[in-house]
> 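This structure is in structure tokens; I'll ask about it shortly.
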Protein chains: 2
Amino acid sequence: MKETINILIVEDHLSFAQGMDLLLTQHPKVDRIDIATNRKDALEILSVQSIDIVILDLHFETNDYDGFIIAKKIKQLYPDIKIMILTQHAKKAHHKRLFEECKVDAYLDKKLGVEETFYAIDQVMNDEKYIDESIKEMLEIEGFMNISDREKEVLELLCQGFIHKQIADKLFIVHKTVEVHVRNLRQKFDVKNSAELCAKYAKYKNANRDNIDDTTSPFQE
Amino acid sequence: MKETINILIVEDHLSFAQGMDLLLTQHPKVDRIDIATNRKDALEILSVQSIDIVILDLHFETNDYDGFIIAKKIKQLYPDIKIMILTQHAKKAHHKRLFEECKVDAYLDKKLGVEETFYAIDQVMNDEKYIDESIKEMLEIEGFMNISDREKEVLELLCQGFIHKQIADKLFIVHKTVEVHVRNLRQKFDVKNSAELCAKYAKYKNANRDNIDDTTSPFQE
DNA sequence: ACTTCAATACGGGTTTTCCCTAAAAATCAA
DNA sequence: TTGATTTTTAGGGAAAACCCGTATTGAAGT
């Protein structure tokens with residue numbers, strides 16, 4: 001592992017980039033930080049400087065390019081450079097495209113604290129991927145939105161303490177069907193049992209009733 | 001059931017009483033509304049007016065009396081008058097004292113909406129007791145606060161999907177002991193199984209992390 | 001010193017959940 | 001219509017949770 005780290009920040013809001021600069025200089029191994037506010041500057045700096053990590057915003061004012069295009073270009077020219085994406089609004093589609101198509105190394109939320117940012121830097125320098133917890137949660141919630149109407153009915157009743165047989169009677173189906181729904185729910189929520197399932201559901205149901213648009217949410221009453 | 005309802009508001013904050021007045025006049029059956037800002041005025045009005053419901057604040061600026069004392073006095077003089085308590089900060093001790101000692105008929109939260117207030121009025125006029133949902137929840141949470149440190153450890157792990165045996169290993173006890181803790185938790189939370197237990201815990205844990213003082217809360221991390 | 005209660009542990013039996021596999025029927029979009 | 005997804009039903013067996021007790025320890029309070 002290298003002893004010093006050179007970072008390039010590519011971000012068209014200079015003030016944010018400067019704040020980031022200030023934050024990153026606190027990292028013990030970070031040696032030099034460059035800032036580029038557009039693609040041209042970024043590629044120029046990359047051609048003359050030895051850069052280890054590019055911290056990249058997804059959204060730019062111009063329509064000529066965006067974070068995806070820049071990320072792809074950089075990975076194509078310099079495969080060894082780590083790319084960390086900073087975003088305000090994480091989206092599942094972005095997430096897939098970034099990791100599978102653009103091969104980025106990290107996906108962070110802009111309101112991230114110092115410790116998490118440093119941890120992310122250490123991770124990518126160690127050839128590990130990093131996804132911010134709050135983004136992970138967002139992705140998980142998007143996953144939860146895929147639960148079917150029937151599954152949601154079962155889940156609500158399960159959280160109210162009814163056993164499979166009772167749920168079955170309420171929904172006029174057999175208990176084995178309920179069992180299948182619960183199994184599929186466990187899979188979708190990525191949990192080990194009903195207790196964790198209900199805890200997770202109750203948690204996100206409460207936490208996200210005012211920051212998810214309710215027309216697509218499975219949590220509307 | 002009477003066709004018209006006369007209400008007396010006993011509340012030392014006049015502006016709040018007037019707001020209440022405005023709200024109550026919207027009720028179809030409410031005929032006349034009086035306001036008293038102290039005990040003397042209240043008793044005087046009660047002696048000359050025919051009052052059906054007294055809406056009473058618990059807290060008064062003076063130290064000479066409070067809502068409890070007024071409620072008891074009124075029930076003693078006029079047993080048929082319904083008393084509805086309005087409060088900002090519900091407490092379990094208050095709740096018991098109000099219903100068992102002062103024989104009040106309703107216990108409401110001050111930030112209550114129109115529909116709930118009207119429903120409460122209809123309830124007490126029907127000789128039914130009424131406790132606001134948010135107060136009910138608060139009382140429940142106070143119940144939850146009786147869980148011991150050990151129980152809380154078990155509960156947290158249970159919500160994370162660990163089975164009794166795994167929880168036992170983490171806490172260096174045997175699985176049978178974990179079972180006892182879970183059983184006691186089910187009793188305290190008044191739920192039927194672990195799924196409901198975890199759902200309820202997760203729900204209140206999230207809902208109340210910023211309106212309960214954390215020094216007495218079992219939910220601190 | 002005495003009581004109370006939380007925490008610990010054990011046993012045996014019943015109920016419920018969980019896992020695996022399989023497949024028919026209904027619904028919906030292309 | 002065809003194909004994909006959802007919803008439904010099903011059986012057997014293992015694992016876990018739940019319920020009924022009893023009982024010991026230690027700490028806290030009176």
Side-chain angles (χ1 to χ4, degrees), chain A residues 92-93 96 142-202 215-220, chain B residues 92-93 141-202 215-220:
Chain A
K92 187 164 196 163
K96 280 195 73 156
E142 287 206 48
F144 297 170
M145 302 205 309
N146 285 328
I147 69 173
S148 70
D149 291 348
R150 204 56 161 173
E151 284 170 344
K152 200 197 150 213
E153 287 184 288
V154 170
L155 187 46
E156 286 287 347
L157 293 168
L158 195 68
C159 286
Q160 287 166 35
F162 297 107
I163 67 170
H164 295 179
K165 182 69 182 64
Q166 293 170 325
I167 296 172
D169 289 346
K170 280 178 194 291
L171 302 180
F172 305 107
I173 53 181
V174 296
H175 74 100
K176 279 292 183 183
T177 308
V178 175
E179 199 190 305
V180 174
H181 288 312
V182 174
R183 190 191 314 158
N184 293 335
L185 284 164
R186 278 200 309 273
Q187 208 172 45
K188 288 184 180 178
F189 278 72
D190 187 32
V191 295
K192 295 182 279 300
N193 53 36
S194 289
E196 191 183 359
L197 173 65
C198 291
K200 209 164 188 175
Y201 179 62
T215 53
T216 57
S217 167
F219 303 139
Q220 57 221 347
Chain B
K92 187 162 198 164
I141 292 160
E142 287 207 47
F144 300 169
M145 301 205 309
N146 285 328
I147 68 174
S148 68
D149 290 348
R150 204 55 162 174
E151 284 169 345
K152 201 198 150 213
E153 288 182 288
V154 171
L155 186 46
E156 286 287 346
L157 293 168
L158 196 67
C159 286
Q160 288 165 35
F162 295 107
I163 67 169
H164 294 181
K165 182 69 181 65
Q166 293 170 324
I167 296 172
D169 289 346
K170 280 179 193 293
L171 302 180
F172 306 106
I173 54 181
V174 296
H175 75 103
K176 280 291 185 181
T177 305
V178 174
E179 199 191 306
V180 174
H181 288 309
V182 174
R183 191 190 312 160
N184 293 335
L185 283 164
R186 279 200 307 273
Q187 209 172 46
K188 288 183 179 177
F189 278 72
D190 187 32
V191 294
K192 296 182 279 300
N193 53 36
S194 289
E196 191 183 0
L197 173 66
C198 291
K200 208 163 189 177
Y201 179 62
T215 53
T216 58
S217 165
F219 303 139
Q220 58 221 346

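Proteins get letters first, then strands, A, B, ... in listed order; numbering begins at 1 in each. These values consider heavy atoms only, across backbone and side chains, with no hydrogens, waters or symmetry-generated copies.
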> Return the value, rounded to whole Å, for the distance between atom NZ of K192(B) and atom P of dT15(C).
19 Å
> Can you tell me how far P of dT7(D) sits from CG of L185(A), to the nearest Å?
10 Å
> Just the rounded figure in Å: distance from P of dC18(C) to CZ of F189(A).
14 Å
> If I take atom CG from residue L171(A) and atom NE2 from residue H181(A), how far apart are they, to the nearest 0.5 angstrom?
8.0 Å
> For the helix from dA9(C)-dT22(D) to dA30(C)-dT1(D), how many degrees between its two end axes (five pairs per end), to the nearest 10°?
60°
> Do side-chain atoms of K200(B) reach the backbone of F189(B) as a donor and acceptor pair under 3.5 angstrom?
yes
> To check you understand the geometry: which heavy-atom pair defines the closest contact between A202(B) and A199(A), and what is its length?
CB-O, 3.3 Å
> Determine whether E156(A) and F162(A) satisfy the following criterion, side chain to side chain contact (heavy atoms under 4.5 Å, CB included), listing intermediate values before the conclusion.
CA-CA 9 Å; E156(A) 286 287 347; F162(A) 297 107; over 6 Å; no
> Could you check whether any side-chain heavy atom of L185(B) comes within less than 4.5 Å of a side-chain heavy atom of L158(B), counting everything from C-beta outward?
no
> Step by step, work out the side chain to side chain contact (heavy atoms under 4.5 Å, CB included) result for I167(B) and V182(B).
CA-CA 11 Å; I167(B) 296 172; V182(B) 174; 5.8 Å; no
> Quick one: side-chain hydrogen bond (donor to acceptor under 3.5 Å, both in side chains) pairs with a partner in residues 164-173 of chain B, sequence neighbours left out?
K165(B)-D169(B)
> Please name the pair of heavy atoms, one in S194(B) and one in R186(B), separated by the smallest distance, quoted to 0.1 Å.
N-CD, 4.3 Å
> Considering only the P atoms, how many Å lie between dG21(D) and dT8(C), rounded to the nearest integer?
22 Å
> In chain order, what residues pass the side chain to side chain donor-acceptor pair (under 3.5 Å) check against R150(A), with sequence neighbours excluded?
E153(A)
> Could you give the distance from CD (Q160(B)) to CG (N193(A)), rounded to the nearest 0.5 Å?
11.5 Å
> I need the D190(A) CG to E196(A) CD distance, nearest 0.5 Å.
8.0 Å
> Under 4.0 Å from any atom of DNA chain D, heavy atoms only: list the residues of residues 160-170 of chain B that qualify, in numerical order.
I163(B), H164(B)
> At less than 4.0 Å, is any side-chain N or O atom of R186(A) found next to OP1 or OP2 of dC18(C)? Yes or no.
yes
> Separation of K152(A) atom NZ from dT6(D) atom P, in whole Å?
17 Å
> Taking atom P of dA16(D) as reference, at what distance in whole Å does atom CG of L158(B) sit?
14 Å
> Write out a two-atom table: protein N or O, nucleotide N or O from nucleotides 24-28 of chain C, distance below 3.5 Å.
none

> Give me, pair by pair, the N or O atoms of the protein and of nucleotides 7-9 of chain C that are less than 3.5 Å apart, along with how far apart they are.
residue, atom, partner, partner atom, Å
dA7(C), OP1, S148(B), OG, 2.7
dA7(C), OP2, S148(B), OG, 2.5
dT8(C), OP1, R150(B), NE, 2.6
dT8(C), OP1, R150(B), NH2, 2.8
dT8(C), OP2, R150(B), NE, 3.4
dT8(C), OP2, H181(B), NE2, 2.5
dA9(C), OP2, V174(B), N, 2.9
dA9(C), OP2, T177(B), OG1, 3.2

> Assuming nearest nucleotide by heavy-atom distance, tell me which of R183(B) and S194(A) is located more 5' along DNA chain C.
R183(B)
> Tell me the interatomic distance from L157(B), atom CG, to dA17(D), atom P, rounded to whole angstroms.
13 Å
> Could you tell me how far apart E179(B) (CD) and dT15(C) (P) are, to the nearest whole angstrom?
15 Å
> State whether the side chain of N184(B) and the backbone N or O of Q187(B) hold a donor-acceptor pair below 3.5 Å, judged by distance alone.
no
> For residues V174(B) and T177(B), determine if any side-chain heavy atom of one lies less than 4.5 Å from a side-chain heavy atom of the other.
yes
